[in-house]
Amino acid sequence: MPKGAGTRARGPYALQACVICRSKKSKCDGAKPVCGSCAASGRDHECSWGRDAAPRKPRTEAHFEALRKHSDSQQAYIERLEEMLEKCVCQDTSACLQFRPQSSTSGESIKQEEVETRSEPPDSDEEITSELTLPTQRLKLDDSLGNLVLHGVTSSPFRFGNKHPGEISPISEVIANPEAVYVLQLDGVDSSQTHPDIDWSRYLPQDVVLDRREHDKLLHLAFSFFTTYTLRIVPSQFLRDMYRALSVPRTSKPPRTPHYSPILHNAIFAVISAFSDSLYLRERRTRQRFINTAKPLIDAELWKPDISLVHAFAFLGTYYANYGERIQAELYFGKSTRLSVTLGLSIDAAPWVTSGLISEDERIARNRAHWTIYSLDVCWALYFGRDFCGPPEPRRNIPMPHVDTELDQVLWYHPSANIAPQPNYDTLVFYQSSALIAIAREIIEVVNLLRPARSHLVQIDQQVTKIDLELNTWKSQLPPHLDMTLANRSKSTPNRFMLHLTYWWCFIVLHRPFFTRRTQSIQHSDREVDHVKLCIRAAEHIMELTELWRNLYTLRLVPITLNQIIFNAATIFLLRALQATASPRIAHAALNTALSQVETCLKYLDEISVTWTCANFGKDSLQNILDKRLRPVISRRVAQKSRSTDLTSSPSPSTSSNSPSDNLSPTVASVYTMEPEQQSGPTTAERQPRSTAVHAPADWFQPSAFVGQPETVPDALSLTAADAPIDFAADVDMTALLTNYDFLGGSELWGRDPNLMVLDDNAAAALFTIGFPQQF
């Protein structure tokens with residue numbers, strides 16, 4: 001037998017045994033995917049080639065209890081996160097890490113089985129895709145400042161940073177006496193209780209001659225007549241933070257406060273110095289020093305901006321607008337609106353309070369600041385005839401301002417008015433005015449987008465009717481103590497006056513573009529919209545409320561917005577005067593009343609101009625329209641129709657001795673006594689029949705008798721001399737009513753031929769829309 005014939009050959013050596021063979025400690029041939037041993041035993045599906053499994057330890061009752069507790073804590077954490085995500089707090093879960101459950105403290109640790117790890121990133125890009133295409137807004141804590149910063153869907157460079165967003169949280173400085181406030185030194189107040197040693201002028205220009213009593217008096221007048229209508233300043237919060245900032249020694253760093261800052265202090269006094277009885281403080285050279293002191297502080301404030309800087313920019317814009325410097329005014333107010341958006345003031349911060357990111361007081365202050373800037377920008381859009389470009393609109397479900405019943409019970413009192421102290425209702429008035437301003441925002445959309453296209457007339461009528469209904473609904477739902485009736489109007493506070501004046505102003509802005517339009521039926525019903533009647537009623541209410549204000553408080557103490565409201569009322573009376581001379585017979589009573597009311601508006605603006613320089617712009621503009629545009633036309637019409645009457649009828653002895661100009665003011669009487677050679681513009685003989693097409697929008701300047709049943713408006717936009725009816729404004733240079741002429745367009749937009757008015761869409765839309773140049 002050959003050597004080695006009886007020995008058995010060694011089988012193939014397996015470098016790795018399968019998991020099953022290793023557990024049985026049997027030989028494995030290493031065949032993959034199923035080894036021979038597993039194939040022979042029918043365990044193909046169990047054959048695997050992973051790492052060695054850790055030896056299992058017996059499961060005890062304590063082990064399962066620990067697992068159950070861990071599972072319950074994880075489930076509670078998941079439910080908490082889902083609840084916060086449903087409320088759209090943010091998409092950054094780092095803000096929720098504080099709710100993550102802690103590790104188990106049980107004596108027996110939970111050992112999990114080892115799993116095979118992979119060093120490569122997962123094949124799916126779902127996680128990073130969902131982050132880059134984030135559809136909602138996201139809140140982060142600024143790493144260097146600790147402030148809340150809002151970043152939107154397009155702000156990837158800002159949303160993705162290297163630092164953890166929660167490293168620094170906003171922690172307020174410790175205040176020694178949080179309840180202390182700056183007490184104003186007013187007449188009847190004990191000086192010893194007003195912190196006489198406080199460094200009240202620390203941040204004001206040292207070269208301005210201003211004592212403590214004058215300083216505090218101006219603040220009191222501003223709080224009473226200027227800042228509380230749109231709640232630009234909450235007096236109690238401003239005085240509280242002012243005390244906190246000024247009570248520390250000069251050598252110590254003052255705490256940062258949301259309602260007071262050196263730049264806000266100077267910006268406010270640049271504006272409210274207008275209320276001073278001192279000519280030195282009212283003149284611009286003095287007020288400019290406050291501006292010069294405020295501007296160098298901007299860069300330092302921008303490192304950590306807050307609500308006080310938002311309001312400071314708005315006051316700087318008001319200062320420049322008062323002097324007719326619109327570019328500077330829009331620049332600073334634009335900073336205010338953009339900063340409010342950057343700080344996320346338009347976001348519902350209630351979930352942030354729940355998450356512990358901010359306090360409830362901070363949420364209320366943020367929301368109020370949003371509505372303040374929103375309201376101011378709507379007013380600016382109405383004044384300048386531009387589109388709204390402020391904070392986001394209410395369609396984003398932004399909560400209405402908080403009504404603080406305790407704050408509203410603080411007594412408002414102005415000694416010289418002889419009115420008993422009464423609750424101020426500042427926050428309630430602000431709530432109602434914000435709702436009214438939201439309606440005014442809709443008016444801007446309708447008025448600024450008007451076009452002469454016939455296809456839009458029905459839609460425009462529906463929009464005007466809808467807004468008109470909203471205004472009436474708003475008025476009917478006012479709380480009784482905010483409404484002005486015959487019983488309470490003589491003791492109404494200024495913020496309630498402004499609430500109702502703004503209401504009637506909205507009516508004028510909404511209906512004035514259609515003043516010369518024929519009365520139109522609504523949806524083919526019998527009810528009609530009489531735009532003329534609505535405008536006249538609103539203007540008369542404005543005059544009535546202004547006269548009442550004048551008797552109670554004088555027109556030296558008015559918010560700057562009242563200038564624009566009075567000017568708009570005056571434009572209605574000018575149009576009414578033209579209308580009174582359009583019929584075959586002159587409506588002398590209506591004409592005399594309209595011209596007298598224009599005179600009253602001029603008188604009001606003249607009195608206001610002592611405080612607000614911009615009132616002179618409106619007064620001069622109205623006087624120019626009256627003297628150079630309307631009075632010659634009206635006088636010519638009166639003379640022509642008087643001659644026609646003389647030719648058709650002989651005067652009777654009982655009427656020949658009476659003249660329409662009897663017992664009238666000199667200005668109104670001059671309409672009847674003006675000689676033909678004094679009249680400017682083309683005479684009757686000089687005016688040729690207009691064969692050229694009239695390019696004005698048909699429904700804006702459609703000739704109308706203003707009385708009687710509605711008539712069908714011609715479909716064509718071009719009317720020739722043969723078929724064009726008499727237009728009550730046809731012989732008037734209508735560009736005079738566009739007072740902001742230089743800004744909205746030069747002569748290229750307007751035909752200068754006095755016999756033909758040529759308007760493009762933009763110029764026509766501005767004609768009867770907004771009308772007070774260079775003011776806020």
Side-chain angles (χ1 to χ4, degrees), residues 229-230 337 340-341 346 367 370-401 429-453 455-478 498-515 517 520 522-523 529-531 534-535 537-539 541-542 561 564-565 568 572 697 699-700 761-762 764-772 776:
Y229 172 60
T230 53
T337 58
S340 70
V341 173
S346 58
N367 179 258
H370 159 75
W371 281 105
T372 293
I373 301 304
Y374 180 91
S375 301
L376 293 177
D377 196 79
V378 169
C379 291
W380 281 61
L382 290 174
Y383 297 160
F384 294 132
R386 61 166 171 79
D387 291 332
F388 174 82
C389 55
E393 305 175 36
R395 58 182 172 81
R396 298 183 56 181
N397 298 322
I398 301 170
M400 295 298 292
V429 170
F430 183 52
Y431 177 93
Q432 296 294 341
S433 68
S434 298
L436 180 60
I437 289 296
I439 300 176
R441 171 72 179 87
E442 300 178 34
I443 297 176
I444 294 175
E445 287 295 327
V446 172
V447 172
N448 285 0
L449 297 181
L450 285 174
R451 292 294 182 269
S455 59
H456 298 302
L457 293 181
V458 175
Q459 181 180 0
I460 290 174
D461 283 340
Q462 293 175 347
Q463 291 175 331
V464 171
T465 303
K466 171 180 172 292
I467 296 175
D468 193 275
L469 179 61
E470 291 178 359
L471 287 172
N472 284 282
T473 302
W474 175 91
K475 181 68 163 58
S476 64
Q477 295 178 350
L478 272 182
M498 286 302 302
L499 185 67
H500 289 266
L501 285 165
T502 305
Y503 169 75
W504 295 114
W505 176 32
C506 288
F507 265 102
I508 289 179
V509 177
L510 176 64
H511 293 283
R512 185 176 53 186
F514 312 98
F515 194 96
R517 176 182 173 184
Q520 297 292 313
I522 303 178
Q523 299 177 350
V529 176
D530 191 337
H531 299 286
L534 291 173
C535 286
R537 183 186 66 167
H541 276 288
I542 289 174
T561 311
Q564 173 65 13
I565 297 176
N568 276 267
I572 298 302
D699 278 279
W700 286 19
D761 288 350
N762 293 331
L767 184 58
F768 282 114
T769 308
I770 324 297
F772 202 24
F776 169 58

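- No donor-acceptor distance shorter than 3.5 angstrom exists from the side chain of N568 to the backbone of W505, with no hydrogens or angles considered.
- With rounding to the nearest 0.5 angstrom, the NE2 atom of H531 is 11.5 Å from the CZ atom of F515.
- One finds the OG1 atom of T465 at 11.5 Å from the CD atom of E470 (value rounded to the nearest 0.5 Å).
- Between T502 and S433, the closest side-chain pair of non-hydrogen atoms is not below 4.5 Å.
- Aromatic rings from Y431 and W371 are positioned such that their centres are separated by 6.0 Å or more.
- Between atom CD1 of residue I467 and atom CG of residue L471 there is a gap of 7.5 Å, rounded to the nearest 0.5 Å.
- At a threshold of 4.5 Å between non-hydrogen side-chain atoms, the residues T372 and F430 count as touching.
- Under the side chain to side chain contact (heavy atoms under 4.5 Å, CB included) criterion, S340 pairs with V310, L345, I373, P391, not counting sequence neighbours.
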*Run the side-chain contact (heavy atoms from CB on, under 4.5 Å) check on I508 and I542 step by step: do they pass?*
CA-CA 10 Å; I508 289 179; I542 289 174; 3.7 Å; yes

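- The side-chain heavy atoms of L510 and L534, taken from C-beta on, include no pair separated by under 4.5 Å.
- Side-chain atoms of T337 and Y374, non-hydrogen and from C-beta on, never get closer than 4.5 Å to each other.
- The shortest side-chain heavy-atom distance between I437 and R441 does not fall under the 4.5 Å cut-off.
- Put simply, CZ on R512 and CD1 on I572 are 5.5 Å apart, with the number rounded to the nearest 0.5 Å.
- With contacts defined as side-chain heavy-atom distances shorter than 4.5 Å, the pair Y503/W474 qualifies.
- Going from atom CZ of R537 over to atom CG of D530 covers 10.5 Å, rounded to the nearest 0.5 Å.
- Inter-residue side-chain proximity for D468 and H511 is flagged as met; some heavy-atom pair is nearer than 4.5 Å.
- The shortest side-chain heavy-atom distance between H500 and K475 falls under the 4.5 Å cut-off.
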